[in-house]
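Have a look at the structure below, then the notes.
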Amino acid sequence: MRNADIRQTVTELQELYAQADQLKAMIVEREALIKEEMEARETEELNLGNVIIRFTSVLSNRFDTNAFKKLHQDLYNSFIKQVASRRFSIA
């Protein structure tokens, strides 16, 4: 691929990123409207016939890595595993 082709592909990719950001913002806005309505109705489930919407509370347990590291630094260090990866970015 020539540099001109790569530049064109990058331009197209940047346009797609911008569209994706706009779509994500629209999705978040629409979800917020539905969530607000469900909270106003004080319901966790809304049956619309062809679709069921659920907005439920969920509890989860998560491991507090920072607290563990402070209390057990040696043990924490013995379980650290270095992982290699590649990052793609456009600047």
Side-chain angles (χ1 to χ4, degrees):
M1 196 186 281
R2 296 175 305 136
N3 282 352
D5 296 331
I6 294 172
R7 270 195 291 279
Q8 177 62 33
T9 301
V10 167
T11 299
E12 293 169 0
L13 186 56
Q14 289 172 324
E15 291 171 2
L16 290 170
Y17 285 150
Q19 291 174 15
D21 289 343
Q22 291 172 349
L23 287 172
K24 181 63 178 169
M26 292 170 64
I27 289 168
V28 168
E29 181 182 318
R30 303 306 192 284
E31 286 177 347
L33 290 172
I34 294 169
K35 290 174 185 177
E36 288 173 16
E37 181 60 26
M38 291 180 74
E39 286 178 345
R41 294 184 187 192
E42 297 180 354
T43 186
E44 289 190 345
E45 185 173 296
L46 190 58
N47 188 336
L48 302 177
N50 62 335
V51 65
I52 297 173
I53 303 168
R54 291 183 182 89
F55 184 40
T56 58
S57 299
V58 178
L59 294 177
S60 61
N61 295 315
R62 299 186 187 245
F63 188 75
D64 189 343
T65 307
N66 292 328
F68 183 80
K69 183 178 179 180
K70 287 179 185 176
L71 293 173
H72 307 286
Q73 183 70 42
D74 292 338
L75 188 57
Y76 174 82
N77 287 338
S78 68
F79 283 92
I80 289 177
K81 179 172 77 171
Q82 196 172 49
V83 178
S85 65
R86 297 176 70 180
R87 180 175 296 155
F88 179 77
S89 65
I90 299 173

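Positions are given from 1, in the same order as the sequence printed here. Side-chain atoms are counted along with the backbone in the values below, which use heavy atoms only and exclude waters and symmetry mates.
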* Do the side-chain N and O atoms of Gln8 and Glu12 include a donor-acceptor pair separated by under 3.5 angstrom? -> yes
* State the OG1-CE distance between Thr56 and Met38, to the nearest 0.5 angstrom. => 8.5 Å
* ILVMFWY network linking Tyr17 to Ile6, side-chain heavy atoms under 4.5 angstrom -> yes
* Asked: Taking atom CG of Leu16 and atom CG of Asp21, what is their separation to the nearest 0.5 Å?
  -> 11.0 Å
* Under the salt bridge (Lys or Arg N to Asp or Glu O under 4.0 Å) rule, collect the residues that match up with Asp5, sequence neighbours excluded. => Arg2
* ILVMFWY cluster membership beyond Phe79 - transitive side-chain contacts under 4.5 angstrom -> Phe63, Phe68, Leu75, Tyr76, Ile80
* Asked: Rounded to the nearest 0.5 Å, how far does CZ of Phe55 lie from CD1 of Ile34?
  -> 10.5 Å
* **Residue pairs involving residues 36-55 (criterion salt bridge (Lys or Arg N to Asp or Glu O under 4.0 Å); sequence neighbours excluded)** => Glu37-Arg41, Glu45-Arg54
* Do Val51 and Leu46 belong to the same hydrophobic cluster, where Ile, Leu, Val, Met, Phe, Trp and Tyr are linked whenever their side-chain heavy atoms lie under 4.5 Å apart, directly or via other members? -> yes
